[in-house]
Amino acid sequence: MLKLALALARKDLSLALRGAGLVQSILLGLLLVFMFSLSQKTGSLASGQMAAAIFWLSSLFCQTLVFNMLFAFEETQGARTCLLLSPAPVTDIFLGKALAGFVLIFLAQILFFPAIIVFLGQTVSQSWPMGLLMLFLADTGLACLGALLGALSQGQTARESLLSLLVFPLLAPLLLAAISVFAAVFGEQAGEDPTSWIGFSAAFDAIFLAIALMLFRFVYTGED
Amino acid sequence: MSLKQILPALLALAGGLLLAAGWWLIFMYAPTEAIMGAIQKIFYIHLPLSWWALFSFFLVFLCSVAYLVRPGEHLDRIARSCAEIGVLLTTLTLVTGMLWGRKAWGVWWTWDPRLTTALIMWFIYTAYLLLGGLNLSEQRRRMVRAVVGIVAFADVPLVFLSARLWRSIHPAVFANESGGLEPEMKLVALFSVLAMGFFWLGLVLVRCQQLKSQDRIEDLLSTEQNREEQTEQL
Amino acid sequence: MTEPWVLYAGIAVWAGLGGYLVFLAINQQRLARKISQLEQLKLEDNED
Amino acid sequence: MITLKHVSKSFASRLLFRDVTASFASGAVHLILGRNGSGKSTLLRLIGGLSRVTSGSIVFAREDARIGYLGHATFLYPNLTAYENLAFWQKAYGQSAQEQAILKMLAHVGLTPFAHSRVGVFSRGMAQRLSLARVLLLRPDIYLLDEPETGLDKTSRVLLQDEILKARADNACILWVSHLAEGQSLADSICTVQKKTLVCRQAQPQVQIETGGRTKDAQKGDEQC
């Protein structure tokens, strides 16, 4: 079970780390962080919520680039056809891509977080375990929708613009949750207590994971 | 001209007349609300728009599910026309919502759950309409559109919930229509929703028929081109 | 007594719906042109 | 054993196949001929389940039949090495990647010196040979070959034909789309795409081959479905 998914994820990770794909998305994220730090008057600190918003915005851009890259791997030599011929169920391909995307986004975020602390002068409050849980939930949602909608473009030319055009609004609820919790992590007095946001994000992930598992076979097909 | 052809026009006409009557009701019959004053009357325009916009997107959802179960060209057409009109109505909902907000609370945009949901729905379904731009084969584009139609609608309640958790200063009257409204207000509100319903149905049917003839013409043109290719090959 | 802003909202709505009807009309014109193009093709076929 | 019942396929209002009914027995080579663009490759894609039939049905004798596809696209990842490619595809098809088997197969197709170099630098012929190795490693029950000989040099073509005959002896069902002269001598049945349907006729394969002590004629007797 899941043999194809794990093999696919391992292959994608080695390909992504070998090529310049991941580096490109990390640089874009760091650039975003730096640009926003310009918007602060020198000396004044960005609000916790601003820092959280920038962190998640960079992660979102990173997600779009990562999933475009992951699905482009299968298009160069038509490997998609061969994957579909495998006896394993199509959802294994979805799980493999989502897992690879999750790891890549997490790797990028490991670099974004210190950049936010440094450039935007943030301090981490004692509610960081809540932040870690939120990070996990939000990344799952990012990976799940990224894998489903990444397959949508299936290596078409008009892929970057349309993918982000669709993914950003769809992920809006998850972003609101992640930004609120991370604002608390950066020391803001969050209006809503974070636990309700955590519950909401878990529900969001569950719903879209179920939908993605059902719909993936319609999206990723051999038709070219 | 069979009934089927003129039905859409009839519905649109009836809708138009009912809307006009609705206007008369709004200004002459509906009492002005005690707290907010006459501005509250925008509610009778705002509510039908947002209600039918949501209903259009629900119909897109149903057609998309039906299309995945048993693909049929007509399902995709209905979904496309409903999405188009849904986006139109959402745009008008946003405009009237902002006008109301500007007058009642002095600010153009308030992060209120309903308006935020309408705005995000507007972005998602505009992207849905842009799916036509993807250079895919017709079958694949319909399949992709059906999937997006489902994912988009599943997102709507989540957007609403998250927006409410985020911040809410919308008047309570919105939350429970039946509670805060006097009987006359409820009557006018219902009438406006009904009137807009006729107009909405007329628009959807007209757009559906137009898309149908458009597809038929495109088929004819493409078979024509294929025939020419074949004749050249021989 | 009527609140001007309610009128503005009404005008905006009618403008929006009217704009959509214009869009439908333009589409109808495009279809008519395509039909005439098809008829033209049919004419040429009958001649040769 | 694959059976097509009244299969039709139209693609964007262009009819490719109308009412195709045919059956391809296991342990046989079925050569499929036809003009370019007559939809031969589409037929393979339909059988592979990659695109859906407009009407009719395709029935497999064994549900969990493993399908090996060898066509113009090599399905190889340019940034992975030859070894990694083969290892990945084995795992992707649910088989554990034994190092010995992979190295032996690479030697078999004459790619041992390039085992650990990136496939991106391979020539067309080398990539096609690696793709052949990929299919052979899977030991599929059904071979879908879409003009596999393109880009292969003389020795590789002979290698390809040996493998096809060996596969036939292993009771695999081989569908071979080609327009090579010597293909006709190997085929058990030759099908041609004419007027949007498939016409098949039996053919007498001249090339006899003994594998594992069972001669070709002996297999003709016990017809496995």
Side-chain angles (χ1 to χ4, degrees), chain A residues 49 141 144-145 148-149 151-159 161-181 183 190-201 203-212 214-224, chain B residues 57 61 64-71 76 87 90 111 113 115-169:
Chain A
Q49 183 163 338
C144 171
L145 269 175
L148 178 64
L149 295 174
L152 202 70
S153 49
Q154 210 170 320
Q156 289 297 321
T157 45
R159 52 191 174 186
S161 58
L162 194 80
L163 179 63
S164 39
L165 210 58
L166 261 175
V167 164
F168 281 26
L170 283 171
L171 281 171
L174 197 63
L175 286 179
L176 291 185
I179 289 170
S180 305
V181 172
E192 235 353 285
D193 69 76
T195 44
S196 57
W197 282 117
I198 300 280
F200 172 80
S201 311
F204 183 95
D205 288 349
I207 290 172
F208 273 106
L209 208 56
I211 289 178
M214 271 189 298
L215 296 184
F216 190 74
R217 60 188 175 86
F218 292 109
V219 172
Y220 207 62
T221 64
E223 314 261 3
D224 41 359
Chain B
F57 294 141
F61 171 73
S64 303
V65 172
Y67 182 85
L68 289 186
V69 168
R70 212 171 45 74
D76 178 67
V87 166
T90 312
W111 279 99
L115 278 184
T116 320
T117 314
L119 181 67
I120 291 179
M121 262 166 30
W122 187 85
F123 275 114
I124 297 176
Y125 281 95
T126 310
Y128 173 92
L129 291 176
L130 290 177
L131 282 181
L134 271 175
N135 46 25
L136 296 166
S137 72
E138 200 37 45
Q139 270 127 345
R140 240 196 85 56
R141 189 178 305 137
R142 285 199 204 113
M143 188 71 79
V144 163
R145 199 178 279 138
V147 167
V148 172
I150 294 172
V151 169
F153 194 75
D155 200 59
V156 168
L158 292 164
V159 169
F160 180 74
L161 269 174
S162 64
R164 191 143 59 138
L165 271 176
W166 182 264
R167 189 182 309 140
S168 167
I169 49 168

query = Under a 4.5 Å heavy-atom cut-off, does chain B meet the side chain of A:Phe218, its backbone, both or neither?
reply = both
ask   = For B:Ser162 and A:Phe200, which heavy atoms make the closest approach, and how far apart are they?
value = CB-CZ, 3.6 Å
ask   = Does the side-chain contact (heavy atoms from CB on, under 4.5 Å) test come out yes or no for A:Phe204 and B:Asp155, once each step is laid out?
value = CA-CA 9 Å; A:Phe204 183 95; B:Asp155 200 59; 3.6 Å; yes
query = Is it the side chain or the backbone of B:Val156 that comes within 4.5 Å of chain A heavy atoms, both, or neither?
reply = neither
ask   = How about A:Leu165 and B:Thr126: do any of their side-chain heavy atoms sit closer than 4.5 Å?
value = no
ask   = What part of B:Leu119 gets closer than 4.5 Å to chain A, counting heavy atoms only: side chain, backbone, both or neither?
value = neither
Heavy-atom pair of closest approach, residues A:Thr221 and B:Arg140 = OG1-NH1, 3.6 Å
Enumerate, atom names and distances included, each donor-acceptor pair closer than 3.5 Å involving a side-chain atom of residues 167-178 of chain A, sequence neighbours excluded.
none

query = Any side-chain heavy atom of B:Leu68 within less than 4.5 Å of one from A:Leu215?
reply = yes
